[in-house]
Amino acid sequence: NALLRAEGISRSFGNTPALREAAVSVNAGEVLAIMGPSGSGKSTLLHCLAGIFTPDSGEVWFDGRRLDTLDDGSRSELRRTAFGFVFQFGQLVPELTVADNVALPLLLGRTRRKPAYARAASWLERLELGGLGGRRTGELSGGQAQRVAIARALVTGPRVVFADEPTGALDSLTGEHVMELLVGLAREEGTTVIVVTHDARVAAGADREIIVRDGKVTDPYASGIVR
Ligand code: ADP
Ligand code: ADP
């Protein structure tokens, strides 16, 4: 019952192979950590699973549909409606308030203002940000900004949240708290989470981890490397 699956995907940048026949399968509701050395292909794998990059060869399937062969319009529609994203630097709009940033994906999806801001406020509460809705995001601490990014990623009710080093810019205590919030909320919502991380403590909060090395996926359990 895989929700998201990549089969034998390869992707090069010029002459640099980033992925070499990588395969991974993620079940609905699962929290998967992707670990591995810098430059091993983790981000490229995440981007291929999320339909941001298309692989040069191989297949990506989401919910019974071929994702990699969809046209650009359908792929971006799918990303907007079914996926949420959290990156290392939250990519918030600094000129907008916290509430505006969280409501934005709903407003772009044509939710009316009032329900959009009501849902944003409720997600801000759940991320321990109640009361900060009127602040500019530029005034926030790193941990607060990442929690806003998580609220924004979850507000549309996505099936899958993709996170690329979401705690990479935070100190380890703050990072752990941010991950606990993300994973806890995702579990409450039944949302699948795929997180790229260097941090073993972040990976320890996942249901399963895979390791990417030289563009290939290793299952640490299959190869006997168990944390
Ligand atoms: P990781 O996330 O594990 O650090 P990446 O997926 O970012 O690895 O990168 C894998 C390889 O592909 C690296 O050699 C990297 O330099 C290269 N690469 C990734 N993205 C690009 C890009 N946009 N242009 C050129 N090379 C890239
Ligand atoms: P990470 O290790 O967290 O993946 P990177 O610094 O490798 O971060 O990559 C950050 C961004 O830069 C990614 O979007 C990746 O695709 C791009 N990138 C990585 N390597 C290269 C490269 N050699 N040339 C151009 N873009 C790259």
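Scope of the values below: all heavy atoms of this structure, side chains included, with no hydrogens, waters or symmetry mates. For the single chain, residues carry numbers from 1 onward in sequence order. Counting convention: from 1, in listed order, for ligands and their atoms alike.
- Ion pairing between R126 and E189 holds under the 4.0 Å rule for side-chain N and carboxylate O.
- When each atom of ligand 1 is checked for a heavy atom of S38 under 4.0 Å away, the hits are 4 (O).
- Residue S40 approaches ligand 1 through these ligand atoms, each under 4.0 Å from one of its heavy atoms: 1 (P), 3 (O), 8 (O).
- The pair E165-K42 fails the salt-bridge criterion, with no side-chain N (NZ, NE, NH1 or NH2) lying under 4.0 Å from an Asp/Glu carboxylate O.
- Atoms of ligand 1 lying under 4.0 Å from at least one heavy atom of P37, given by number and element, are 3 (O).
- Annotation for ligand 1: atoms under 4.0 Å from non-hydrogen atoms of K42 are 1 (P), 2 (O), 3 (O), 4 (O), 6 (O), 8 (O).
- Note: an N/O pair closer than 3.5 Å links G41 and ligand 1 by distance alone.
- Side chains of H177 and Q146: no donor on one and acceptor on the other come within 3.5 Å.
- Residue G39 places at least one N or O, backbone or side chain, under 3.5 Å from an N or O of ligand 1.
- Taking the charged nitrogens against the carboxylate oxygens, R187 and D207 do have a contact shorter than 4.0 Å, which makes a salt bridge.
- When each atom of ligand 1 is checked for a heavy atom of A18 under 4.0 Å away, the hits are 10 (C), 11 (C), 12 (O).
- Residue T16 places no N or O, backbone or side chain, under 3.5 Å from any N or O of ligand 1.
- Within the 4.5 Å cutoff, the side chain of V193 has no heavy atoms near those of the F162 side chain.
- At a threshold of 4.0 Å, the pair K216-E21 does not count as salt-bridged, since none of the basic side-chain nitrogens sits closer than that to a carboxylate oxygen.
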